[in-house]
Asker: 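Pasting in a structure now, in structure tokens, and then I'll have a few things to ask.
Sequence lines set the chain letters: A, B, ... in the order given, protein chains first and strands last, and positions in each chain run from 1. The model shown is predicted, which means the values in this text are computed figures rather than measured ones.
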Amino acid sequence: MSNFTEGLNPRQAEAVTAVRGPVLILAGPGSGKTRVITHRIAYLVAERGVKPWRIMAVTFTNKAAREMRERVDALLGEAAHSLTLGTFHAICARILRVDGGAIGVDRNFSIYDDGDQLGLVKRIFSELGVDPKQFNPRAVLGAISRAKNELRDAEEFARAAGSYFEEVVARVYRRYQERLHAENAVDFDDLLTRTVDLFAGSPEVLAKYQQRYEHVLVDEFQDTNVVQYVLVRDLARGHNNLCVVGDPDQSIYRWRSADIRNILNFEQDFPNTKVVLLEQNYRSTGTILEAAQGVISAADGRPEKGLWTENEQGLPVTVFEAQDDEGEAAYVVREIMNGLRSGQRPGDYAVMYRTNAQSRAVEEALVRSGIRYRLIGGTRFYDRREVKDLVAYLRLINNPRDSVSLARAINTPPRGIGAGTLNELSVWASELGVPMYHALQLLLAHDQGAADGALDRPPPLNSRTARPLLRFIMLLNDLIELAQREPVADLLKELLERIDYRRFLLDGGDDGEDRWANAEELVNLASQYDAEALDVARDLDADDEAPKEEVQRTALAAFLEDVALVSDADEVDQRQDAVTLITLHAAKGLEFPVVFILGVEENLLPHVRSLEDPEQMQEERRLFYVGITRARERLHLSHAMRRATWGTSSFNDPSRFLRDIPPAVTTTRSRAEGHVVNRAAALRRQLSAAPTAAIAPAAKGQAGAAFQPGDRVRHAKFGEGIVVNAAPRGEDFEVTVAFKGNFGVKKLLQSFAPLEKVVA
DNA sequence: ATACACGCGCTTTTT
DNA sequence: GCGCGTGTAT
């Protein structure tokens with residue numbers, strides 16, 4: 001018996017001690033998965049004599065990695081530091097930083113995020129003469145990303161292109177990769193695919209990592225994609241000490257190219273796999289678990305698997321039918337207020353929903369009630385304009401070829417370099433076949449008369465347009481020079497001074513103060529990095545046997561890497577005592593005493609975009625299952641009869657998934673006293689089950705008062721509908737009508753004229 | 001070059 | 001109800 005299996009159940013202990021060969025741990029929600037992984041690592045190190053630096057553990061989010069490291073620390077102490085522990089993206093970024101040179105990835109590469117990628121695609125559109133109205137740049141980028149996740153490069157994509165759209169994608173894809181290469185940048189997907197390329201193109205590099213890592217662990221394996229699968233397979237080839245942990249029932253990232261077959265076929269792909277089932281749930285009450293089981297066992301093609309608990313049965317699951325989304329939010333607030341009075345803490349509560357837009361109503365209600373809350377998602381700190389501006393400068397200092405950052409920084413704050421000038425510069429640079437930064441250097445050299453020989457002909461920029469460019473390149477050169485000897489925080493401070501950024505923000509509008517506070521916060525964060533970089537260096541020294549990082553990352557590079565790779569989920573800090581507002585996706589892996597799931601409605605959960613595709617429908621079901629199983633003690637499900645979307649109303653029936661919850665474990669509540677809506681909803685159902693849209697015009701002095709809720713009406717263009725609401729609003733009169741079918745609502749009613757009552 | 005006003009399409013989920 | 005691209009006035 002081992003120190004690290006004490007207190008574990010027999011299955012868990014088995015999962016901890018089965019350290020040779022492939023292991024598949026199928027871990028239901030709340031079955032102590034993280035405990036098993038951390039104990040397994042500790043067991044390997046302390047009782048099997050495996051050096052920590054010979055273990056790689058991959059998690060889904062940085063936060064999960066952090067937590068895991070803390071827990072391993074608690075078991076092993078200092079020794080745990082040399083463990084390789086992180087997300088696929090972070091680990092691959094490190095590998096590329098060290099060895100990417102072998103495939104032409106220079107070590108100070110930039111990481112292009114979603115917005116950067118889209119911007120690049122749009123610029124390529126205009127270069128190639130592709131009309132963004134004809135082809136959605138987002139869709140094209142999506143196709144490129146999907147191709148990458150299936151390990152299909154631009155050449156192969158072009159060969160296989162079977163439609164005009166795909167041909168366009170192929171052309172953009174090719175140019176896109178050329179640009180990334182020229183700019184020494186990789187996008188999110190490239191972090192993984194370029195690492196695969198590296199391993200394929202350089203057997204020595206692959207061998208190095210294979211030999212180093214004797215044990216590979218992957219968490220959330222049900223959400224890995226083909227690239228990630230190939231990566232771990234390659235790394236573990238030879239010893240095959242590959243331990244994957246996951247739960248097919250919690251696979252919710254198919255849309256991001258996750259392939260559930262990775263986990264379903266694992267046993268076949270890796271012969272002699274030891275399979276361990278963790279089925280005892282330690283998290284939830286009996287009723288919550290029964291509700292979850294009801295939902296998930298209705299999924300088809302799923303091997304029936306048990307999940308049981310010794311926890312008490314607990315209170316029933318509440319199903320609340322609200323009048324509208326505000327009523328739903330009011331319910332949440334009411335319940336939380338009651339709970340707080342009887343000793344619960346705000347941090348005990350989480351409010352979950354399918355789409356980020358749903359957070360708004362709850363947020364407003366929470367603000368009014370003064371309850372502390374924290375919104376996960378929304379605009380990330382690093383997505384704020386002012387933060388992106390400053391990060392663009394830092395990225396440019398780190399990698400001057402980064403054109404995305406150059407384009408952003410060059411006229412921020414405005415210094416007289418408009419779109420025209422930038423375009424001239426860009427054209428000139430591509431004529432010379434050099435990065436824009438290089439072109440700027442040539443411009444400077446020419447201006448100083450130092451290198452007349454470097455240019456056959458003078459730059460095609462007159463002195464008036466060139467002057468601001470010259471000022472910019474001199475600034476940039478100064479900053480690059482400064483970066484060699486100053487810590488990041490000081491570099492940032494100097495930058496803020498030099499570009500007079502505070503003045504720029506304060507003059508920029510009434511939120512200038514807030515923006516400046518964010519800029520200061522960024523300096524703060526940067527200063528922590530300067531200190532942290534030193535820590536890393538010290539830790540590496542602690543274990544003489546551990547291979548030294550061949551390339552010491554500078555604090556600047558480390559800072560930029562983390563800035564690029566943080567996610568929303570990483571920001572969930574459960575130690576903060578506040579209600580958590582979070583999407584169902586981001587909630588994966590978390591747990592709370594009390595959970596609300598909002599909008600359990602047709603068109604929302606399952607989402608309207610998944611209705612056609614059975615595979616996607618299954619994923620919606622699993623998503624609901626994930627949400628339910630986050631709850632420890634209480635679970636509240638709610639749906640609203642009317643919901644504000646895009647400025648108008650929509651009407652959704654309760655979710656089909658609710659029917660799969662055994663009635664015995666639920667109690668239904670309704671606060672929909674509003675007879676108006678009740679009646680309208682009932683009437684609407686008569687109309688047919690077709691999705692409906694509504695209009696909410698407000699017209700002065702019109703005959704709106706002639707309409708009453710429940711009236712059947714006919715619109716000249718949109719056919720039959722039902723008046724849902726009719727009420728004065730200020731000087732106007734507002735009538736809301738539910739129509740069959742979906743259409744662009746806003747243009748609908750400038751007046752009531754095309755609307756007439758239908759006499760039954 | 002910049003600042004602002006208008007219209008359109010859209011967001012499901014994110015490393 | 002927002003962000004983005006486009007068009008207009010300084």
Side-chain angles (χ1 to χ4, degrees), chain A residues 58-65 86-93 111-115 117-119 122 125-126 131-133 136-139 142 145 148-149 186-192 220 223-225 227-228 251-258 352-360 376-380 383 385 411-422 464-465 468 507-509 561-562 564-571 582-588 599 603-611 613 616 619-620 622-624 626-627 644-648 696 742 744-747:
Chain A
V58 190
T59 58
F60 199 70
T61 62
N62 296 300
K63 175 173 172 276
T87 63
F88 273 107
H89 289 82
I91 290 173
C92 287
I111 299 170
Y112 284 0
D113 71 15
D114 199 54
Q117 294 174 46
L118 195 62
K122 284 177 181 168
F125 265 42
S126 74
D131 179 4
K133 290 208 180 78
N136 183 345
R138 262 231 134 72
S145 173
K148 289 184 175 184
N149 283 310
V186 299
D187 65 18
F188 273 139
D189 301 318
D190 282 347
L191 285 170
L192 310 182
E220 307 282 11
D223 284 321
T224 52
N225 62 29
V227 188
Q228 293 162 339
S251 159
I252 54 173
Y253 283 97
R254 199 178 88 95
W255 53 274
R256 217 176 68 191
S257 300
M352 304 181 182
Y353 35 76
R354 178 67 235 266
T355 66
N356 276 308
Q358 287 169 258
S359 65
R360 176 183 246 109
I376 310 300
T379 321
R380 288 165 44 215
D383 278 341
R385 203 187 62 213
N411 202 33
T412 308
R415 47 171 77 86
I417 306 172
T421 309
L422 189 58
R464 199 166 47 84
T465 48
D507 291 349
E561 192 170 298
D562 288 358
L565 297 179
V566 288
S567 71
D568 293 332
D570 297 334
E571 288 163 29
I582 193 168
T583 63
L584 288 165
H585 279 91
K588 191 177 72 162
N603 299 328
L604 213 45
L605 185 64
H607 195 265
V608 66
R609 303 269 281 243
S610 65
L611 299 180
D613 179 351
Q616 285 194 48
E619 183 146 310
E620 296 290 308
R622 294 191 296 260
L623 188 56
F624 188 36
V626 166
T645 33
W646 287 353
T648 76
N742 263 326
V745 181
K746 250 195 278 188
K747 291 176 202 154

Asker: In whole Å, what separates the P atom of dT13(B) from that of dC4(C)?
Answerer: 15 Å

Asker: Using a 4.0 Å heavy-atom cut-off, does Asn356(A) contact any base of the nucleic acid, only the sugar-phosphate backbone, or nothing at all?
Answerer: sugar-phosphate

Asker: Please give, in whole Å, the distance from dT14(B) P to Ile252(A) CD1?
Answerer: 9 Å

Asker: Nearest 0.5 Å, please: how far is OG1 in Thr61(A) from CG in Leu565(A)?
Answerer: 12.0 Å

Asker: Ignoring hydrogens and angles, are the base of dT12(B) and the side chain of His607(A) linked by a donor-acceptor pair under 3.5 Å?
Answerer: no

Asker: When the distance from CG of Leu623(A) to P of dT13(B) is rounded to whole Å, what number comes out?
Answerer: 11 Å

Asker: Of the non-hydrogen atoms in Gly599(A) and Gln358(A), which two are nearest, and what is the gap between them?
Answerer: CA-NE2, 3.8 Å

Asker: Under the 3.5 angstrom rule, does the side chain of His585(A) hit a backbone N or O of Ile252(A) as a donor-acceptor pair?
Answerer: yes

Asker: Below 4.0 angstrom from OP1 or OP2 of dT12(B), is there any side-chain N or O of Arg609(A)?
Answerer: yes

Asker: Taking any heavy-atom pair under 4.0 Å as a contact, classify Phe88(A): base, sugar-phosphate, or nothing.
Answerer: nothing

Asker: Should Arg360(A) be listed as having a side-chain N or O under 4.0 Å from OP1 or OP2 of dC2(C)?
Answerer: yes

Asker: CG of Asp613(A) versus C1' of dT12(B): gap in Å, rounded?
Answerer: 14 Å

Asker: Select base, sugar-phosphate, or nothing to describe what Lys122(A) touches, counting heavy atoms under 4.0 Å on all strands.
Answerer: sugar-phosphate

Asker: Can you check whether Thr583(A) has a side-chain N or O nearer than 4.0 Å to OP1 or OP2 of dT12(B)?
Answerer: no

Asker: Describe the nucleic acid contact of Ser610(A) in one word from base, sugar-phosphate, nothing, applying a heavy-atom distance below 4.0 Å.
Answerer: nothing

Asker: Contact class for Asn62(A) (heavy atom, under 4.0 Å): base, sugar-phosphate, or nothing?
Answerer: nothing

Asker: With heavy atoms under 4.0 Å as the rule, sort Arg622(A) into base, sugar-phosphate or nothing.
Answerer: nothing

Asker: Any strand counts, and the cut-off is 3.5 Å on both contacts for Watson-Crick or G-U wobble. Which nucleotide pairs with dC10(B)?
Answerer: none

Asker: Establish, with yes or no, whether the OP1 or OP2 oxygen of dT2(B) is under 4.0 angstrom from a side-chain nitrogen or oxygen of Asn411(A).
Answerer: yes

Asker: How many Å lie between NZ on Lys148(A) and P on dT15(B), as a whole number?
Answerer: 18 Å

